[in-house]
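For the single chain, residues carry numbers from 1 onward in sequence order.
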Amino acid sequence: MPKHIFVTGGVASSLGKGLTASALGRLLKMRGLRVTMQKLDPYINVDPGTMNPFEHGEVFVTDDGGETDLDLGHYERFIDENLTRASNATTGSIYQAVLAAERRGDYLGKTVQVIPHITDEIKRRIHRVSTDDVDVVITEVGGTVGDIEILPFLEAIRQFRNQAGRDNVCYIHVTLVPFIGPSGEQKTKPTQHSVTELRSRGIQPDVIVARSEEPISQSLKRKISNQCDVPEANVINAADARNIYELPLIMNEEGLDTVVCETLRLDTTIDLSPWQEFVRRVEDSTIPVRIGLIGKYVDLQDAYLSVVESLKHAGFHHGAKIELDWIQAEEVEGLLASGRLSQLDGIVIPGGFGPRGIEGKIAAAEFARVNKVPCLGLCLGMQVMTIEYARHVLGLTNANSTEFDPATSHPVIDLMHDQRDVSDKGGTMRLGAYYAVLTPGSKVAQVYGEPVVSERHRHRYEFNSAYRSRFEENGFLCSGTSPDRRLVEFIEAVDHPYWVGTQAHPEFKSRPDRAHPLFVGLIGAALSNRATAGRRSSNV
């Protein structure tokens, strides 16, 4: 039977529960344990797929097409495992399942209640990922202790230990130790109140992870230990780190994995050397390379979390430090005149939905193509690159996507015919992993180094293959297609050092110590571009 670790949070949101859980997952993997992870989210949406990125950050997509919380991206990057839709459960999906069961008569006419029906469904979701090929399941409970919507989850994980056995469950509580400027002190009172609230729900934490700006003293750890009834060794300090990939080493030095293994009666040893070598490589990545991210949601950088991390991973691969320039797509046309885009070594045009900022993205794609600036288009990014090429190279002046102009006379991006009559916004997209066959000799094939690849998708609109021959007769290569050649998956400009687009979201498969090939190719081309930047001038 797998061991279970439940991670809760208190005092404030965005303390780093997800990163704490992820770092612990990596440490347990380095101890030779088979680890999987899960997020329980208290919001009533069935999944985050229909949320505006300003509401919830990016939507992370799994191989099986699950639209999930962005913390699953952290999980996958740290534990290097492909998770599934079962790794994210929301209040909405749980109530949906319970109500469907009630309509079927599964409860034999009984009154359906939060306890036991909702809590039983939550426990079923936890058991769903507790397979025979897993040693440890780490479950993060979203929200903060004290939130009204979190109560059924706390009750479910409280019951879980009674059923699984005391030695099979470990509770970790992440809380805040703030520094109060006027008094010049770090304060433990928020932690005390948070633990008191958690204990009032029947859960005594086994481990407290105290988040702070600066390291806390041993005397403060002792105070937290005494006030919260947790052994002093089980008070772990997670002070702010220089980069998130240091966290496993910091947590190990604090003893997190040791006390968790003691709590769960796991007898293992750890070899940190591979991760230590990786962190040294991160610290040695100092060659500056400036990348412009042309986005619609740049005011909330979590909307592009996986893209940013993928760029960093590619930087680590090349020994480069990524300097990100966050550029609002709606302002691009004005920035062309200012010369700001001319200062970039490379450009990324990420995904998104809706017409806002599209003309700015098209202008950025044209700037990159004309000035030979390396450019990577992701999903919508590939589509605007296609529109740009159609307008300015093929002469199709009003070419567009039917998403933005349903009446366009040149719909170079269009819905697939089998999607046209679907009204459910949660069910009209191509989601999850799909294979693509790459064109031999193309830039895409060169960077991947293999003829067939699998990437994750999240989109409704496709390259219109009716225009394919016209594009390819004019220096635009469809460098990867679906196995039946019906759908275009990759595009590139033949006479450009790196003007590449993909209909997929490769950022979801990048790993810190194994960067994604498309991003590696972009940063490699950007470094070359930087070396020859003196010859570059703006022609747009």
Side-chain angles (χ1 to χ4, degrees), residues 63 82 310-311 313-314 317-318 346-351 365 368-370 372-390 393-394 412-414 416 430 432-459 461-511 514-529 532:
D63 273 348
N82 292 332
S310 298
L311 287 167
H313 303 164
H317 177 90
H318 285 288
I347 288 173
V348 173
I349 307 176
R369 180 181 57 79
V370 172
K372 305 298 184 185
V373 178
C375 180
L376 177 61
L378 309 172
C379 195
L380 177 63
M382 185 204 94
Q383 295 176 5
V384 299
M385 292 167 82
T386 302
I387 295 167
E388 187 280 318
Y389 207 93
V393 179
L394 305 188
V412 293
I413 304 294
D414 198 6
M416 293 188 296
R430 190 151 65 101
Y434 289 85
Y435 285 103
V437 179
L438 306 184
T439 302
S442 64
K443 293 181 183 68
V444 169
Q446 290 170 13
V447 296
Y448 273 104
E450 48 190 295
V452 179
V453 298
S454 174
E455 295 290 359
R456 300 177 190 177
H457 292 64
R458 183 175 181 254
H459 65 99
Y461 292 80
E462 304 278 356
F463 181 97
N464 188 343
S465 290
Y467 288 85
R468 180 172 174 179
S469 60
R470 196 181 309 191
F471 273 96
E472 295 201 313
E473 289 167 1
N474 288 275
F476 180 105
L477 177 63
C478 296
S479 49
T481 64
S482 57
D484 61 4
R485 293 184 56 80
R486 184 166 156 255
L487 303 174
V488 172
E489 297 281 14
F490 295 89
I491 60 99
E492 59 189 65
V494 174
D495 63 347
H496 193 287
Y498 201 84
W499 198 78
V500 171
T502 174
Q503 187 59 80
H505 285 274
E507 66 270 24
F508 295 144
K509 296 186 72 172
S510 187
R511 301 288 188 261
R514 195 174 64 257
H516 192 282
L518 289 177
F519 288 89
V520 169
L522 173 71
I523 300 305
L527 286 167
S528 297
N529 182 50
T532 58

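In this structure, Tyr461 and Gln383 have side chains that are in contact, with non-hydrogen atoms separated by less than 4.5 Å. No side-chain heavy atom of Thr439 sits less than 4.5 Å from a side-chain heavy atom of Val444. The shortest distance between side-chain heavy atoms of Gln503 and Phe463 does not fall below 4.5 Å. Within the 4.5 Å cutoff, the side chain of Arg486 has no heavy atoms near those of the Thr481 side chain. For the pair Leu376 and Ile349, the minimum side-chain heavy-atom distance is 4.5 Å or more. Using a 4.5 Å cut-off on side-chain heavy atoms (C-beta onward), Met382 and Phe490 make no contact. Contact check for His505 versus His457: no side-chain heavy atoms found under the 4.5 Å cut-off. A heavy-atom distance below 4.5 Å is found between the side chains of Leu518 and Tyr448.
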Can you give me every donor-acceptor pair (side chain of residues 466-479, partner residue at least two apart or in another chain, under 3.5 Å) with its distance?
from	atom 1	to	atom 2	distance (Å)
Tyr467	OH	His410	ND1	3.2
Glu472	OE2	Cys478	N	2.8
Asn474	ND2	Arg470	O	2.8
Ser479	OG	Glu492	OE1	3.1

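Checking side-chain atoms of Ser528 against main-chain N and O of Gly524 turns up a donor-acceptor pair under 3.5 Å. Counting only distance, with no hydrogens or angles, the side chain of Trp499 and the backbone of Ala365 share a donor-acceptor pair below 3.5 Å. At distances below 3.5 Å, at least one donor-acceptor pair connects side-chain atoms of His318 with backbone N or O atoms of Val520. A donor-acceptor pair under 3.5 Å is absent between the side-chain atoms of His317 and the main chain of Phe519, judged by distance alone.
Of all heavy-atom pairs between Lys372 and Asp495, the closest is NZ-O, 2.8 Å. Of all heavy-atom pairs between Val494 and Lys443, the closest is O-NZ, 3.2 Å. Closest of all the heavy-atom pairs between Val500 and Met385 is O-CE, 3.6 Å. The shortest heavy-atom contact between Cys379 and His459 is SG-CB, 3.5 Å. For the residue pair Pro483 and Val437, the shortest heavy atom distance occurs at CA-CG2, 4.0 Å.
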**OP:** Kindly indicate, with the supporting measurements, whether the criterion side chain to side chain contact (heavy atoms under 4.5 Å, CB included) is fulfilled by Asn464 and Ile413.
**Re:** CA-CA 5 Å; Asn464 188 343; Ile413 304 294; over 6 Å; no

Subject >> Verdict with reasoning, His516 to Ser310, per side-chain hydrogen bond (donor to acceptor under 3.5 Å, both in side chains) >> reply: CA-CA 7 Å; His516 192 282; Ser310 298; over 6 Å; no

Original post:
side chain to side chain contact (heavy atoms under 4.5 Å, CB included) between Leu311 and Glu507: does it pass, once the steps are laid out?
Top reply: CA-CA 9 Å; Leu311 287 167; Glu507 66 270 24; over 6 Å; no

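Of the inter-residue distances, the one linking Ser454 atom OG with Tyr434 atom OH reads 10.5 Å to the nearest 0.5 angstrom. The distance from the CG atom of Asp63 to the CD atom of Glu455 is 9.5 Å, given to the nearest 0.5 Å. How far CD of Glu489 is from CD of Glu462: 7.0 Å, rounded to the nearest 0.5 Å. Rounded to the nearest 0.5 angstrom, Leu522 CG and Leu527 CG are separated by 9.5 Å. Between the CD1 atom of Ile523 and the OH atom of Tyr498 there is a distance of 9.5 Å, given to the nearest 0.5 Å. Taken to the nearest 0.5 Å, the OG1 atom of Thr386 stands 10.5 Å off from the CG atom of Leu380.
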